[in-house]
Amino acid sequence: MSAVPSFTDTLIAWQKRAGRHDLPWQNTRDPYRIWLSEIMLQQTQVTTVIPYYLRFLERFPTLEALAAAPQEAVIEYWAGLGYYARARNLHRCAVEIVAVHAGKWPKSVDRLASLPGIGRSTAAAIAAFAFGERAAILDGNVKRVLCRFFAIEGFPGQASVERALWARAETLLPECDIEAYTQGLMDLGATLCSRRKPHCNDCPLQQACQAHRTGRAEDLPTAKPRPALPERHGHYVFVSDGHRVLLERRPAHGIWGGLLVPPEGETAAVLARLGISDASESPLGTLRHSFTHFRLTLSATLCHIDAPKAIADPSLCWIALESAAEAGVPTPIRKLLEGIAPAREAQ
DNA sequence: AATGCGTGGTG
DNA sequence: TCACCAAGCAT
């Protein structure tokens, strides 16, 4: 034993003290009941499952009763719970165990995982809870807890990240108390280590949690990558005499509605529209900005003129460079404005 | 490796 | 309102 309680020991102690102990599928070693709960709980929250679980057990109290029932009856008691392949596989699995294994459950994770509807994690949960087998689960809760505790980067659905998580999960297994440990992982993930607003102050692992130490608990695990946003490009022309800049009021609706932005378009076209022919041009660089529905690359040209030109267009106005940033311009425009130093009076 | 599969809760 | 997510698995 190390002087400092390990992840595993801390979690086991916490589960015994503060974990959940009265869920309908706890306090039993009946593999049938444990299996049924694990299947129902796939991608489905506890509060949703409980009434279905209780009703299902009343109708199909044993593995044999389930195997003997027609599939339609099983579907009927699953209706509303979703992911109906689970119900079909559940029935197939019951039939297979009764027919092929004479009603005896295999105890090894590998054998369990070869049954219909039972994957690696569900097999481990059944093995641990029903048979006390030392087996690692890796569901959404465990992924979240491990990603945070070890500050594991990357989307957990990605194969490389998932491999790393399975390796961690296997390494952390306790020598004994596998039930409390396995339940503790799920309890912690479901109660304290929630996806949003985790209750780190109540967490027994807070001190050693890498995500918490770096203030990134809520940022991990890394969210599922979204499909790439459409790319757009806009060129903006900053016309200035060194003191003031010409901005244009955008239409009230649409992107940047009602805000002030420099005239948009090719430099030559903008100058022609404004009737300016004597500007000296210099590039202002580019900037990237993300919206919810597209990504914008902004480029800009500074067009210096000697004196402000009278503009007839009422949507255009001259704004002092010092106050332009506060006059109601969108963030990326404000950033570009910061690249134009107002001309200082000679000392 | 990436998708499809259902429904209910959440901020 | 709506995107995101929840005790995953099969293909």
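Convention: sequence-line order gives letters A, B, ...; per-chain numbering from 1. The model shown is predicted, which means the values in this text are computed figures rather than measured ones.
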* Asked: When you compare C:dC4 with B:dG4, how far apart are their P atoms, in angstrom units rounded to a whole number?
  -> 16 Å

* With P as the reference atom in both, quote the distance from C:dC9 to B:dG8 in angstrom, rounded to an integer. => 22 Å

Integer-rounded Å distance: [N] [atom2] and [X] [atom1]:
X: A:I137; N: C:dC9; atom1: CD1; atom2: P; result: 11 Å
X: A:F155; N: B:dT3; atom1: CZ; atom2: P; result: 11 Å
X: A:Q158; N: B:dA2; atom1: CD; atom2: P; result: 7 Å
X: A:I50; N: B:dG8; atom1: CD1; atom2: C1'; result: 15 Å
X: A:R88; N: C:dT11; atom1: CZ; atom2: P; result: 10 Å
X: A:M186; N: C:dG8; atom1: CE; atom2: C1'; result: 13 Å
X: A:N141; N: C:dC5; atom1: CG; atom2: C1'; result: 12 Å

* Structure fact -> Result for 5'-nearest mapping on DNA chain B, choosing between A:Q45 and A:Y84, is A:Y84

* To do: By nearest nucleotide on DNA chain B, pick out whichever of A:T48 and A:A159 is the more 5' one.
  => A:A159

* Without hydrogens or angle criteria, can the side chains of A:H235 and A:T301 be said to hold a donor-acceptor pair below 3.5 Å? -> yes

Categorize [X] for me: base, sugar-phosphate, or nothing, with a 4.0 angstrom heavy-atom threshold over every strand shown.
X: A:Q183; value: base
X: A:G189; value: nothing
X: A:L23; value: base
X: A:R120; value: sugar-phosphate

Would you please confirm or rule out a distance under 4.0 Å between OP1 or OP2 of [N] and any side-chain N or O of [X]?
X: A:T44; N: B:dG8; result: no
X: A:Y83; N: C:dA6; result: no
X: A:Q43; N: C:dG8; result: yes

If you check every side-chain atom of [X], which of [options] has the closest atom?
X: A:K224; options: B:dG6, C:dC5, C:dC9; value: C:dC5
X: A:R144; options: C:dA6, C:dC9, C:dC5; value: C:dA6
X: A:R195; options: B:dT10, C:dG8, C:dC5; value: C:dC5

* Asked: So do A:P174 and A:I12 actually touch side chain to side chain, heavy atoms under 4.5 Å?
  -> yes

* Could you go through the ring-ring contact (aromatic ring centres under 6.0 Å, His included) check for A:W25 and A:Y53 one step at a time? => CA-CA 9 Å; A:W25 41 86; A:Y53 178 81; 5.2 Å; yes

